[in-house]
Number of protein chains: 2
Amino acid sequence: MSMDAVFRALADPARRRLLDRLYGRNGQTLGALCAEMGMTRQAVTKHLLLLEEANVVVTQRRGREKLHFLNPVPINEIADRWIGKYERHRVRALADLKKQLEGKNDG
Amino acid sequence: MSMDAVFRALADPARRRLLDRLYGRNGQTLGALCAEMGMTRQAVTKHLLLLEEANVVVTQRRGREKLHFLNPVPINEIADRWIGKYERHRVRALADLKKQLEGKNDG
DNA sequence: GTAATATGCAACTAATTGGTTGCATGTCAA
DNA sequence: TTGACATGCAACCAATTAGTTGCATATTAC
C-alpha cells in the first residue's frame, strides 16, 4: 500500500466525506453511501475505488450488496511516519519562522 | 487557511519532496529548491505557490532572492482535527474489520 | 551603465481527474 | 421465470493540473 495512493485518496473532499460517513456508520452499501452525495452512483463508485486502492476502505460482498468498511491503518501510518516527523521538530520550525518574521519587522 | 487546500497541497509527491527538503534545511531560495527536482524552475515555482496558498510554506524576500520556510501548523492541525478523530476510534474500526473478515472466512 | 543572476508572468500542451450517460450482469422475491 | 433491485463496465466530456517554453522585471556585481 503506497503512501502516495493514500495521500491522493485523501485529497478530494468527496472522498473525505465518504470516509466521514463510514466513520459514523461502518459497513454501508454502495447504495447507502450514494445518498446525499449530490452525484451519480458511478461517480461515487469511482471515489470508493480510489479509496479501496489506497486500502483506506475495505469491501465485502453480501449477496447483491457490497459492504464498505473503514480501514484506519494507512491513515495512522501517515500520521506516524510523515506528520509525526514534522510534529517532532515543530518547535524548531516555528522558532525558525518566528525569528525570520521578527527580522522582517525590525529591519 | 482551508483544510482542503492543505490536503491538496500534500497530495503531490513533488510537493511532499519540497516539504521534506525544507524540513532538512529551512529557509532555502527558489533556485536551491529547484536543484535535483528533475523539472523546470517554473514547475517548481507552481508547486511552491500551491504550498504557499495552503500556508504550509511561508516566504520572505531577501534582495532578489525568495526564501522559503516550512510552516508546520496546518499539517499539525490536520493531524489533530482529522487524523486524530480516526486515531481515537481506531480500535473500534479495526474490531469491525476483524469481525467482518472472520465472518467472511467462516461462512 | 551593462552584464549576470534570481525570480515573475503568460500562453500553451498533454495527462489526469471528476463527472456523466447507457447498457450489462448478478441476485432476490413473487 | 419474470421483474425489481444492486452493482459493474465502458465510452465519453469538461475541468483541472503538471509541465513546458519564451519573455519580462528586478537586483547585484563589475
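Each chain gets a letter, A, B and so on, in the order its sequence line appears, and its residues count up from 1. None of these values were measured; they are calculated from a predicted model.
Distances shorter than 4.0 Å separate none of the side-chain N or O atoms of A:Lys46 from OP1 or OP2 on D:dG8. Not one side-chain nitrogen or oxygen of B:Thr40 sits closer than 4.0 Å to the OP1 or OP2 atom of D:dG19. Residue B:His47 places at least one side-chain N or O closer than 4.0 Å to OP1 or OP2 of D:dG19.
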Worksheet entry | Test log, rule side-chain contact (heavy atoms from CB on, under 4.5 Å), inputs A:Phe7 and A:Ile78 | CA-CA 8 Å; A:Phe7 270 110; A:Ile78 280 190; 3.8 Å; yes

Worksheet item: When you look at A:Leu19 and A:Leu10, which way does the side-chain contact (heavy atoms from CB on, under 4.5 Å) test go after all the steps?
Response: CA-CA 9 Å; A:Leu19 289 183; A:Leu10 297 183; 3.6 Å; yes

Item to complete: Under the side-chain contact (heavy atoms from CB on, under 4.5 Å) rule, what do B:Gln28 and B:Leu22 come out as? Steps first, then yes or no, please.
Response: CA-CA 7 Å; B:Gln28 292 189 65; B:Leu22 285 181; 4.1 Å; yes

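A:Met39 has its side chain within reach of A:His47: a pair of non-hydrogen atoms, C-beta onward, lies under 4.5 Å apart. At least one side-chain heavy atom of A:Leu18 sits less than 4.5 Å from a side-chain heavy atom of A:Leu33. Residues A:Leu51 and A:Leu48 are in side-chain contact: their nearest non-hydrogen atoms beyond the backbone lie under 4.5 Å apart. B:Gln60 is not listed as a side-chain neighbour of B:His68, based on a closest heavy-atom distance of 4.5 Å or more.
Taking five base pairs at each end of the helix from C:dG1-D:dC30 to C:dA30-D:dT1, the local helix axes there meet at an angle of 20°, rounded to 10°.
Contact check on A:Glu36 versus A:Arg17 returns no salt bridge, with no Lys/Arg side-chain nitrogen under 4.0 Å from an Asp/Glu carboxylate oxygen. A salt bridge does not link B:Arg8 with A:Asp12: every distance from a Lys NZ or Arg NE/NH1/NH2 to an Asp or Glu carboxylate oxygen is 4.0 Å or more.
In this structure, the NZ atom of A:Lys66 is 17 Å from the C1' atom of D:dC5, given to the nearest Å. In this structure, CE of B:Met37 is placed 12 Å from C1' of D:dA18, rounded to the nearest angstrom. Rounded to whole angstrom, the span from the CG atom of A:Leu48 across to the C1' atom of C:dT17 amounts to 16 Å. In this entry the distance linking CG of A:Asp4 with P of C:dT17 reads 10 Å, nearest Å.
Note on ring orientation: taking the six-membered ring where Trp is involved, the planes of B:Tyr86 and A:Tyr23 are tilted (angle from 30° to 60°).
Contacts with DNA chain D (heavy atom under 4.0 Å) in residues 7-32 of chain A: A:Thr29, A:Leu30, A:Gly31, listed by number.
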Discussion item. Walk along nucleotides 24-30 of chain C from 5' to 3' and tag each nucleotide B, S or - by protein heavy-atom contact under 4.0 Å, base first, then sugar-phosphate.
Written reply: --BBS--

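One donor-acceptor pair, N or O on each side, does fall under 3.5 Å between the base of C:dG22 and the side chain of A:Gln42.
Checking side-chain atoms of A:Glu53 against main-chain N and O of A:Val6 turns up no donor-acceptor pair under 3.5 Å.
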